[in-house]
Amino acid sequence: MTASSESTSVLLTWTNAYGASGYTVLRSESIDGEYIAIAELGEDETTYRDVSGDINITYFYMVRPAVSQAADSNIATGVALKPEVAMKH
């Protein structure tokens, strides 16, 4: 998964997981914190734009496929909602 900061939003992009019937996008304010579902997407959707965050907070994201066979797509990535801040891995 990749994440990029775009003004007041974060664009997440990932590759389609084999056998996934959809995706849940989760967000946390800490890499080890509680992840909250912020979107449910269909099986062919591989991008999500988060416009609901605070520009002063670094968020960590996880995209979870809807089937267990694709569990290797559980990759967390964090970015700040500021265009000048680099992505953290």
Side-chain angles (χ1 to χ4, degrees):
M1 179 173 70
T2 61
S4 59
S5 181
E6 299 181 339
S7 186
T8 59
S9 68
V10 171
L11 179 64
L12 304 173
T13 305
W14 59 92
T15 57
N16 197 9
Y18 177 77
S21 60
Y23 300 91
T24 302
V25 179
L26 302 106
R27 183 177 74 191
S28 176
E29 293 182 16
S30 166
I31 197 162
D32 296 325
E34 179 182 0
Y35 281 79
I36 309 263
I38 59 170
E40 298 287 333
L41 305 174
E43 64 183 284
D44 294 326
E45 296 179 79
T46 57
T47 62
Y48 177 75
R49 184 178 310 277
D50 182 11
V51 296
S52 65
D54 183 314
I55 63 169
N56 298 308
I57 298 175
T58 299
Y59 292 106
F60 296 85
Y61 294 87
M62 185 179 297
V63 175
R64 181 171 294 147
V67 295
S68 61
Q69 294 94 323
D72 61 342
S73 293
N74 264 345
I75 300 170
T77 303
V79 321
L81 286 172
K82 294 181 182 178
E84 68 277 5
V85 175
M87 185 171 62
K88 296 182 179 184
H89 297 281

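For the atom pair Tyr59 OH and Glu29 CD, the distance stands at 5.0 Å (nearest 0.5 Å). Put simply, OG on Ser5 and CG on Asp50 are 10.5 Å apart, with the number rounded to the nearest 0.5 Å. For the atom pair Leu12 CG and Met62 CE, the distance stands at 12.0 Å (nearest 0.5 Å).
When hydrophobic clusters are built by joining Ile, Leu, Val, Met, Phe, Trp and Tyr residues whose side-chain heavy atoms come closer than 4.5 Å, directly or via intermediates, Val25 is grouped together with Ile57. Trp14 and Leu11 are not part of a single hydrophobic cluster, where members link through side-chain heavy atoms under 4.5 Å apart.
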Kindly list each side-chain donor-acceptor pair under 3.5 angstrom involving residues 36-49, sequence neighbours excluded, with atom names and distances?
from, atom 1, to, atom 2, distance (Å)
Glu40, OE1, Thr24, OG1, 2.9
Glu40, OE2, Thr24, OG1, 3.3
Glu45, OE2, Gly42, N, 2.6
Arg49, NH1, Glu6, OE1, 2.2

